[in-house]
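Computed from a predicted model, the values in this text were never measured in an experiment. Atoms within a ligand are numbered from 1 in the order they appear, just like the ligands themselves.
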Amino acid sequence: MNPLTYTPDVARATADIRPLLGGQYSDTAWEGLAPYIAEINRLKRERNAVILAHNYMTPDIYFGVADIVGDSLKLAMEAARTDADVIVQAGVYFMAETSKILCPDKIVLQPDIDAGCSLSESVTAEDVRLLKQKFPGVPVVTYVNTSAAVKAESDVCCTSGNAAKIVRKLKGEGHDTVLLIPDEYLAQNVAREVPDVKVLTWKGKCIVHERYTAEDVADIRARFKGDIYVIAHPECHPDVIAASDFSGSTAQLQNIIETDRPGRVLLITECSMGDNLQAANPDVEFVRSCFMCPYMKRISLPKILHSLQTMTTQVELPGDVMTRARRPIERMLDLSL
Ligand code: 13P
Ligand code: SF4
């Protein structure tokens, strides 16, 4: 049987998945996707593999083949506890490195090694060494959106979901100044939340979130006469966050919709997250105004299938980098509890 043909077996194997997608794909599109979904799910069982998918994955991946979905923090926590032999990272490269660091004995597959991140690419290990020389004794808090080599130079990692908490814990340990790198806007947003700590930062930006402006938010509020709930990711400029009703990691944005159940939402983050939330919350009206992450969008069903068929590309890191990078990630996981 050709596994990439839409057969009655494929239709049966994917029958429970199609309704989850909330009518986002036409019948023709679905018949192209379903054979990939069926074959990936079969191969996952054969290889004892688990697919960890970020909230920015497209709905076919998010609902069709992912075992665990979530923000960067949840994916790191789940990687640390999985008993699968193989982890397929449906997300960007730094996420796959984090999984490898936490699970050095497992095979971690990255379906496209060019799935980078503008934040991760904005800072090098050498930059961090120079910062430490310039600010001796100041703890280096590194956003997970960084390379393993940068993490290896850091004291503790953070995600958008726990950055303020980690900075508060460092304050509790007697640090009045911290370096929070490389995302300038995230650092400024945390500084606003934790005003008794001086937050030094770097010039990194997310190419998706830096595009939003406070004027965009004001225009959309005016268009709906104020009847709209605005939620934004903290990689946005502080003016955008100030103009929003709520800010948080992708998982926290999802949670606030599921708990508060607003009628109409402007979701200021990557596009696929809106598609996934719309499918899961058909009663909520999502106002479409989003930008795509070109790195996240490099991951597709055909690439995931190819990755599982060929067991490529396996993430490999130098042993000393892994050992040194594990400490700040584990410290973050401990401090997040
Ligand atoms: P989250 O940790 O909030 O999912 O963010 C990851 C990311 O890359 C956002 O752009
Ligand atoms: Fe990096 Fe921004 Fe893409 Fe997230 S959305 S992976 S921070 S470029």
Side-chain angles (χ1 to χ4, degrees), residues 52-58 61-62 66 68-80 89-99 102 110-123 141-147 150-151 157-166 180-190 193 201-212 231-237 240-241 244 246-257 267-277 289-299 329 332-333 336:
L52 303 186
H54 187 261
N55 288 328
Y56 294 164
M57 289 296 103
T58 47
I61 296 173
Y62 186 91
I68 310 280
V69 292
D71 63 359
S72 314
L73 181 61
K74 181 169 175 201
L75 297 183
M77 286 172 153
E78 295 292 341
Q89 201 79 35
V92 289
Y93 193 70
F94 75 81
M95 295 176 175
E97 281 192 338
T98 302
S99 292
L102 290 169
Q110 174 64 29
D112 185 327
I113 52 160
D114 292 325
C117 167
S118 62
L119 282 168
S120 180
E121 282 148 29
S122 72
V123 65
V141 185
T142 296
Y143 197 30
V144 282
N145 298 42
T146 46
S147 67
V150 163
K151 290 183 177 80
C157 288
C158 73
T159 70
S160 55
N162 61 18
K165 187 173 185 176
I166 302 273
L180 174 43
I181 59 166
D183 187 341
E184 184 179 15
Y185 293 160
L186 177 73
Q188 290 171 352
N189 288 320
V190 168
E193 266 190 75
T201 188
W202 190 246
K203 286 279 176 200
K205 304 271 187 328
C206 162
I207 55 165
V208 176
H209 293 95
E210 72 171 345
R211 298 176 69 182
Y212 293 99
I231 60 178
H233 195 278
E235 289 168 10
C236 294
H237 190 282
V240 174
I241 301 304
S244 304
F246 178 81
S247 163
S249 76
T250 55
Q252 290 164 337
L253 298 178
Q254 176 176 11
N255 290 345
I256 198 82
I257 287 173
L267 176 69
I268 303 188
T269 193
E270 209 269 345
C271 298
S272 294
M273 169 115 183
D275 296 338
N276 294 331
L277 286 177
S289 170
C290 66
F291 298 110
M292 284 211 186
C293 173
Y295 305 106
M296 290 277 185
K297 297 291 94 92
R298 295 188 74 91
I299 309 300
I329 300 173
M332 168 187 80
L333 295 178
S336 303

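If you look at V208 next to ligand 1, there are no close heavy atoms at all, none under 4.0 Å.
One distance of note links CG of L73 with SG of C157; it measures 11.0 Å at 0.5 Å rounding.
Each of L277, D275, N276 was checked for a side-chain contact (heavy atoms from CB on, under 4.5 Å) with M273, and the lone residue meeting it is L277.
The shortest contact between atom 5 (O) of ligand 1 and any protein heavy atom is with H233 NE2, 3.3 Å. Shortest contact from atom 8 (O) of ligand 1 to any protein heavy atom: N145 ND2, 3.3 Å. Considering only non-hydrogen protein atoms, atom 2 (O) of ligand 1 sits nearest to S72 OG, 2.7 Å. When hydrogens are left out, the protein atom nearest atom 10 (O) of ligand 1 is E235 OE1, 2.9 Å; that is the closest non-hydrogen contact.
Contact annotation: the side chain of N145 never approaches that of D183 to less than 4.5 Å [non-hydrogen atoms, C-beta and beyond]. The side-chain heavy atoms of L75 and Q89, taken from C-beta on, include a pair separated by under 4.5 Å. Using a 4.5 Å heavy-atom cutoff, the side chains of M296 and S272 are not in contact.
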| task | Given disulfide (SG to SG under 2.5 Å), test C290 with C271 step by step and report yes or no. | result | CA-CA 5 Å; C290 66; C271 298; 2.2 Å; yes
| request: Apply the test side chain to side chain contact (heavy atoms under 4.5 Å, CB included) to residues M77 and L102: give CA-CA distance (whole Å), side-chain angles for both, the deciding distance (0.1 Å), then the verdict. | output: CA-CA 9 Å; M77 286 172 153; L102 290 169; over 6 Å; no
| said: Evaluate Y93 against S120 for side chain to side chain contact (heavy atoms under 4.5 Å, CB included), listing each step before the verdict. | reply: CA-CA 9 Å; Y93 193 70; S120 180; over 6 Å; no
| task | Begin with the C-alpha distance, continue with both residues' side-chain angles, and end with the deciding distance and a verdict on side chain to side chain contact (heavy atoms under 4.5 Å, CB included) for Y56 and T269. | result | CA-CA 9 Å; Y56 294 164; T269 193; 2.6 Å; yes
| query | Does the pair L119 and E235 meet the rule for a side chain to side chain contact (heavy atoms under 4.5 Å, CB included), with working shown? | reply | CA-CA 10 Å; L119 282 168; E235 289 168 10; 4.0 Å; yes
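The aromatic rings of Y212 and H209 sit tilted, their planes meeting at an angle between 30° and 60°.
The shortest separation from a heavy atom of S160 to ligand 1 is under 4.0 Å, placing the residue in contact. In this structure, H209 has a heavy atom closer than 4.0 Å to ligand 1. Residue contacts with ligand 1 do not include N55, since none of its heavy atoms lies under 4.0 Å from the ligand.
Atom numbering of ligand 2 starts at 1 in the shown order; those under 4.0 Å from a heavy atom of Y56 are 5 (S). The contact set between ligand 1 and S249, taken as ligand atoms under 4.0 Å from a residue heavy atom, comprises 3 (O). Heavy-atom proximity to D71, at under 4.0 Å, picks out these atoms of ligand 1: 1 (P), 2 (O), 4 (O).
For ligand 1, one of its N or O atoms has an N or O atom of H54 under 3.5 Å away.
A donor-acceptor contact closer than 3.5 angstrom is absent between the side chains of S249 and K74.
Sorted by chain and number, the protein atoms of type N, O or S within less than 2.8 Å of atom 1 (Fe) of ligand 2 are C117 SG.
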